Amino acid sequence: MMNRICPAAAFTITFLLLSVGSRAQCPHGGIPTGKYCTGPTLCALGFKGNPGARNPLCVPIPGCQPLPGQGSSVCFGIPIDPNDKTGPFGVGQARYLPANQPLPYEIHFENLAAATAAAQQVIVTDQLNAQTMDVTTFSFGPIWFGASTVVPPPGLSQYTTNVDLRPAQNLIVRIDAALDKTTALLTWRFTSIDPATLQLTQDAAAGFLPPNVSPPAGEGGVVFNVNQKVGLASGAQIQNQANVVFDKNAPIATPVWMNTLDVTPPVTSMQALPATESSTTFTVQWSGSDAGSGIQDYTVYVSKDGGSFSPFATATTSTSAAFTGVAGSTYAFYSVGRDFVGNVESKTVADTTTRIISSGGDSTPPVTTAGQSPLPNSAGWNNTNVTVTLNATDNPGGSGVKQIQYSTSGAQVTALQTVSGNTAAITITAAGSTTVTYFATDNAGNQEPAKTLLIKIDKTPPVVSEFRLMFGSQTYNLIGSTRNRLPWQITGVQVVFSKPIAVGNTASAGGLAATALSGLGTSTLTWTINPLSVGDFAAALAGTGANALLDVAGNRLAGGLGFTQKFRLLFGDFNDDGAVSSADLVGVNAAIAAPYSIFADINGDGVVNLADVASVRTGIGTTLP
Amino acid sequence: MTTRNRLLLQLLLTAISLLACALPARANLIVAAGASVANPGSTLNSFDVTLTNTGPSAATIGAFSFGLLLSNPDITFTGANTSTVKPYIFLGDSLFGPLISTTVGSTLVASDVELSGLGVTVGPGGTVGLGHVLFSVAPSAAPGQFETALSPFPTTSLADPSANDVPVQSFIAGSIQIGPASAAVSEPSYACVFFALLCVSAALREKNPSRFPRSPLQLP
């Protein structure tokens, strides 16, 4: 805003709105105000110029439009608002400040060129905030108007002086400046004194601050310094605002100048490096964050083989760099961040460590061995889940195993997996044949040729699907039969299983006194027995014990339950009445001319004829015991 | 007694017994082993096993079997054929004849099947031969009378042409007399047989059996 002095010398204050046109783009922390830029009184870090109250030597902000009539003299650090308040520039929009930084402020006032009368008395007041400012550290800075400047001695809380404008102007300007330490109220009073009366001049046309037709004749300002309160936390806001009164006009408040404290250092870290590096040159990376003003730069420290740390990259804004070491050495790194207000991270412990291995001498790939648990049986089968363990070993003095990769196909399909390090474990659960393909790679990039391991799993126990009695050349399946007595002389038992049987013996069919077994390796086993003609029998196929019937994977018959088949034989008992009599002779004889009946085929030769009748004759009189 | 006279007497007695007893209208079948006299050291001794229907109804037989047991180890069955004194039951229609024995020795089992499958009817009062049994006597055999028992069902059995068991109401054992030739009786005494049959018939009539007796060893 801008104070405009009315022509009637009544110090009417109007406002000139500057928010016309496009807003200015203000680099280096300049603050857009309409299409112009304003900035702090003090020059920003890195800018030339004396951070005094008024410094025409400051470098103009590139990109800013000059105030009308001021040309390039509009400087960074010079208020352009004739009634303005500036303070510590700080960092960013929040004007972040570090802890303990002094707080210099300037209050600027101006009697605009359009005014028709000079200002006789100007009073500037500024209420300090005792919660954020330590008033005991207060100090007046330069006081100036037009071409006159006075500098109070340091350490005063009250100061009075006269500036004699004669002979150029018949006035003495009395300056009274004071800090009320009780209320923390600051006051500067500029009074135009008539040298004749030593009182306020009565000449309406006289005044120490003329219209600012010839700058800086119509301008003035005051400066003071005060310290922050000790112990303020990050995020604490320090605000300051002044009031300016021209003669009898109403007070005009300056804008509020606000700073935010940032006392927290950044937090940074190195990106983890692999345990070993195969190249002597590798990239190290780091990153960090800051809750306040932001990270200004990083310093990265490195230690070789456990020695002391020294900077590897200093005050850099980069977040990565190539590092070159010596093969065989171990390097540790940590990063230290600094934010824009100067807070520096405190760290002495390595974030990451790596060892450079010899890269030129390792051309030998690692070797991976595969083991499985449990081991397969002699036929190469398992009947439970199998855990495959891969162990890779690199050649002595080599770069070391970097990773193991594997995949599975067949019954169990697994896409290529990569496991860091030199061991990996795979569980195979699927029934059937699964091929595990695996290989390892060392840190020098040597990859061994892929190897395979075949895992065969069968968890399904065999079961009996048919139990056949053998007589002559014929067989008869008892499963599902409702016949009570069978009229044949059996010479063997033929059992059909749900899958091939690999292990068994003559004693596997208990209750039959078998003399031979054939068919192992197939689904049909045949036990030869001494002929049986009469009696009750129970054939017990073993599912447990030394004689257990096992499939190729070792699964026990019916899961260990085995199988028992009972049957009764009465040779010649065609009509199943429990006795071999002449009725059976007639029945079998009659069956000769009838369609084939297996129960009439007493001798099991595949046909029913007189030989079967004769066979019945040999059994005449027989009953079951 | 000539064969013709024996037949006439048998028919007469059968008719008388049928009229006198007024049995229910069903067959009443008796299997009997004959008697024989033999000397120690003799061979080709024989007797017949017969089937007699003492009931009022005819019985149709499709097959038969019988078994004989000896109590004297000095007597050995050597075979059975179809050369019976009475007409052989399947005369001219035998499946296994003339030799019908399947087991010989201390026991004998014989059987035969009617070849045509239609069966042979044994009318009321009729008697047919089931087999002519040959036996030998050891030279050291002691004199005496020894029973030749008929094995019960199922060794001794009858079946109709449909392969159903035909009940045998009675099994009558025979005997073998070993001793001096003068004391021998070469053929069965038909008077004795007749009276025995009458006694059996009377007993059966009183009991009125409804089913064929079975061996205690037979399965249910």
Side-chain angles (χ1 to χ4, degrees), chain A residues 482-489 532-537 566-595 597-603 607-625, chain B residues 29 31 51 60-69 80 89-90 93-97 99-103 107-120 130-131 150-168 212-220:
Chain A
T482 58
R483 177 94 182 192
N484 288 318
R485 289 151 291 233
L486 299 164
W488 311 297
Q489 181 186 64
L532 299 175
S533 299
V534 178
D536 289 340
F537 302 95
K566 295 181 178 179
F567 59 93
R568 306 172 105 182
L569 296 176
L570 182 56
F571 182 73
D573 186 14
F574 166 75
N575 61 7
D576 195 17
D577 67 350
V580 182
S581 66
S582 54
D584 298 299
L585 286 174
V586 175
V588 174
N589 188 51
I592 293 174
S597 167
I598 196 168
F599 300 114
D601 188 5
I602 304 300
N603 61 8
V607 294
V608 177
N609 53 23
L610 286 178
D612 297 300
V613 184
S615 295
V616 174
R617 292 180 77 210
T618 65
I620 286 290
T622 311
T623 59
L624 281 172
Chain B
L29 301 174
V31 176
L51 169 64
T60 303
I61 306 301
F64 73 87
S65 65
F66 64 84
L68 292 170
L69 300 173
I89 185 170
F90 299 143
D93 199 18
S94 167
L95 179 61
F96 293 114
L99 183 60
I100 60 171
S101 58
T102 56
T103 300
T107 62
L108 179 137
V109 178
S111 59
D112 198 3
V113 179
E114 195 270 330
L115 186 59
S116 69
L118 300 176
V120 171
L130 296 182
L150 281 163
S151 298
F153 181 88
T155 306
T156 300
S157 66
L158 301 172
D160 67 16
S162 299
N164 297 308
D165 288 318
V166 175
V168 175
F212 187 85
R214 299 217 164 182
S215 165
L217 296 177
Q218 183 178 338
L219 290 173

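Order of the sequence lines fixes the chain letters, A, B, ..., with proteins taken first and strands second; residue numbering starts at 1 for each chain. Everything numeric in this text was worked out from a predicted model, so none of it was measured.
Residue Ser101(B) touches chain A through its backbone alone, counting heavy-atom pairs closer than 4.5 Å. Heavy-atom distances place both the backbone and the side chain of Val613(A) under 4.5 Å from chain B. When heavy atoms are compared at a cutoff of 4.5 Å, Ala614(A) approaches chain B by way of both its backbone and its side chain.
Listed by chain and number, the residues in a ring pair (Phe, Tyr, Trp, His ring centres under 6.0 Å) with Phe96(B) amount to none (sequence neighbours excluded). With sequence neighbours left out, Asp112(B) forms a salt bridge (Lys or Arg N to Asp or Glu O under 4.0 Å) with no residue at all.
Using a 4.5 Å cut-off on side-chain heavy atoms (C-beta onward), Leu585(A) and Ser111(B) make contact. The shortest side-chain heavy-atom distance between Ser581(A) and Asp165(B) falls under the 4.5 Å cut-off. Proximity of Thr622(A) to Pro154(B): side-chain heavy atoms (C-beta onward) are nowhere separated by under 4.5 Å. Side-chain contact between Asn589(A) and Leu95(B) is present, with heavy atoms from C-beta onward closer than 4.5 Å.
Across all their heavy atoms, Ala63(B) and Val586(A) have their closest contact at CB-CG2, 3.2 Å.
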Next item on the list: Go through Arg617(A) and Thr102(B) one step at a time and tell me if the side chain to side chain donor-acceptor pair (under 3.5 Å) criterion holds.
Entry: CA-CA 7 Å; Arg617(A) 292 180 77 210; Thr102(B) 56; 5.3 Å; no
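Between the Ser65(B) side chain and the Ile620(A) main chain, no donor and acceptor come within less than 3.5 Å of each other.
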